[in-house]
Amino acid sequence: MIVAKFGGSSVKDAEAMRACVNVVKSTPELGVVIISATYNSTNELERIYLSLSNGDKNAAKSQWQEIEKRHHEMAKELGEFCIAPIQALMDSFNFKLKELFTLKSFDAHHRDLILSFGENMSSLLFQLTLKEEFKGEREVYLVPATSFLKTNSNFGLAAPKPESIKLYCEGLFREGLNNGHLFVTQGFIGSDGQDQVTTLGREGSDYSATLVASALNASEVHIWTDVDGVYSADPNIIKDAKKLEELTYDEATAFASAGAKVLFSKTLAPLISADIPLKVGKTNDPAAAGTWIRSSVSMPKDLIGVTAKERSDGLILTLVGNGVYDLDIEHSEIDRGDIYRSFYHQGGDCEDILKLWYERYFS
Ligand code: ASP
Ligand code: MG
């Protein structure tokens with residue numbers, strides 16, 4: 001059984017969502033599909049929370065109307081069958097927002113509640129479209145992540161509780177999976193012991209996918225996104241960055257923690273003990289090889305990649321790979337681990353310096 005996750009750019013509009021539906025249809029072993037909020041929605045929902053906490057209800061209202069409008073249009077384009085259900089969901093959010101508008105003060109659990117609207121809307125649209133596409137060939141159910149992704153109450157960056165997640169996942173999914181049913185759920189969100197909505201941290205939907213995969217002992221996880229794999233450096237900046245065909249869990253974790261945007265840094269931890277492989281692939285080119293991440297690789301590399309991050313007083317460059325200790329680097333080292341070293345670089349343009357370092361160590 002495979003668990004797949006589609007990121008925000010992969011579900012950004014009706015056309016993009018249809019490409020995801022095609023990927024699902026061509027992967028019969030798929031059992032659980034995790035959906036992110038549509039592109040940029042979580043940022044917009046963050047702004048609504050900010051407007052509310054600044055007491056600017058009017059701004060919050062018009063920001064919400066924008067999101068509503070976009071999802072409404074998307075529903076229309078996906079098909080008549082989406083309109084009434086998405087309207088009912090948005091009505092329930094309108095009701096919740098009205099309640100929030102009466103409050104005097106806000107805190108992190110209100111933020112998580114508002115942010116959760118994004119994944120709730122996108123996953124509903126996705127499930128309805130899949131159901132329509134499968135025409136009863138396969139049953140397609142929507143399961144709220146709050147019903148199984150149990151976490152602590154650290155709102156905004158909640159820690160999952162793997163044992164509870166396993167228990168709930170077994171109860172909710174196992175029988176249906178055995179009967180060939182397909183389940184759609186939300187990434188990023190969960191719930192605490194009081195059943196309040198929590199979130200796993202921004203960009204955390206990848207983590208939801210691996211938590212579910214581990215709970216159900218899946219055979220693979222597929223992370224579908226807008227790039228066809230993990231690259232040795234940000235491919236938007238380094239045009240000749242190389243696609244990495246395979247990475248170990250440790251390499252991918254070090255790379256993600258150093259700021260490689262393609263994966264959320266905690267993503268791989270749940271997969272390690274059961275050795276569940278994860279593939280990063282491009283939704284619009286599903287046949288491309290992608291990047292496989294697993295416990296060991298057939299062709300180990302000394303250096304796998306470099307990242308650059310801005311800091312108030314300069315830049316942090318991180319090199320990742322087993323060979324990082326063989327390199328002689330003049331800059332002052334500010335952090336190190338088994339397979340990474342981070343250096344401080346005073347000033348300079350982030351992209352230019354990344355290009356220079358890439359040239360120096362990877363060409
Ligand atoms: N929608 C959430 C975010 O933008 C989670 C995710 O997409 O990974 O942070
Ligand atoms: Mg992501």
Do [X] and [Y] belong together in a cluster built from hydrophobic side chains that touch within less than 4.5 Å?
{"X": "L315", "Y": "Y340", "result": "no"}
{"X": "I316", "Y": "L354", "result": "no"}
{"X": "F362", "Y": "L317", "result": "yes"}

Atom NZ of K261: over 12 foreign heavy atoms under 6.0 Å =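 No, not enclosed.
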
Should E44 and R70 count as an ion pair when the cut-off is N to O under 4.0 Å?
->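 Here E44 pairs with R70 in a salt bridge, since their nearest N and O are under 4.0 Å apart.
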
Would you mind checking if D195 and K150 are paired as a salt bridge, meaning a charged N to carboxylate O distance below 4.0 Å?
->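 Yes, this pair counts.
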
Given N94 and E68, is the side chain to side chain donor-acceptor pair (under 3.5 Å) satisfied, shown in steps?
-> CA-CA 10 Å; N94 272 311; E68 263 194 325; 2.7 Å; yes

Show your reasoning for whether side-chain contact (heavy atoms from CB on, under 4.5 Å) applies to L125 and H71.
-> CA-CA 9 Å; L125 292 175; H71 285 82; 4.2 Å; yes

Would you please classify the geometry between the F106 ring and the Y49 ring as parallel, tilted or perpendicular, with 30° and 60° separating the classes?
->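 Judged by the thresholds at 30° and 60°, the geometry between Y49 and F106 is perpendicular.
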
May I ask you to decide if the ring planes of F93 and F117 are parallel, tilted or perpendicular, using 30° and 60° as cut-offs?
->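 Aromatic pair F93/F117 classed parallel.
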
Going by atom types only, do [X] and [Y] share a side-chain donor-acceptor pair under 3.5 Å?
{"X": "S342", "Y": "D335", "value": "no"}
{"X": "Q196", "Y": "S153", "value": "no"}
{"X": "S219", "Y": "E29", "value": "no"}
{"X": "D275", "Y": "Y249", "value": "yes"}

Should I329 and L319 count as side-chain neighbours, where that means a heavy-atom distance under 4.5 Å?
->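 Yes, side chains in contact.
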
Gap between atom OG1 of T307 and atom CG of D234 - 0.5 Å precision |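 Interatomic distance, D234 CG to T307 OG1, rounded to 0.5 Å: 10.0 Å.
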
Rounded to the nearest 0.5 Å, how far apart are CG of L130 and CE of M17?
->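 One finds 9.5 Å between CG of L130 and CE of M17.
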
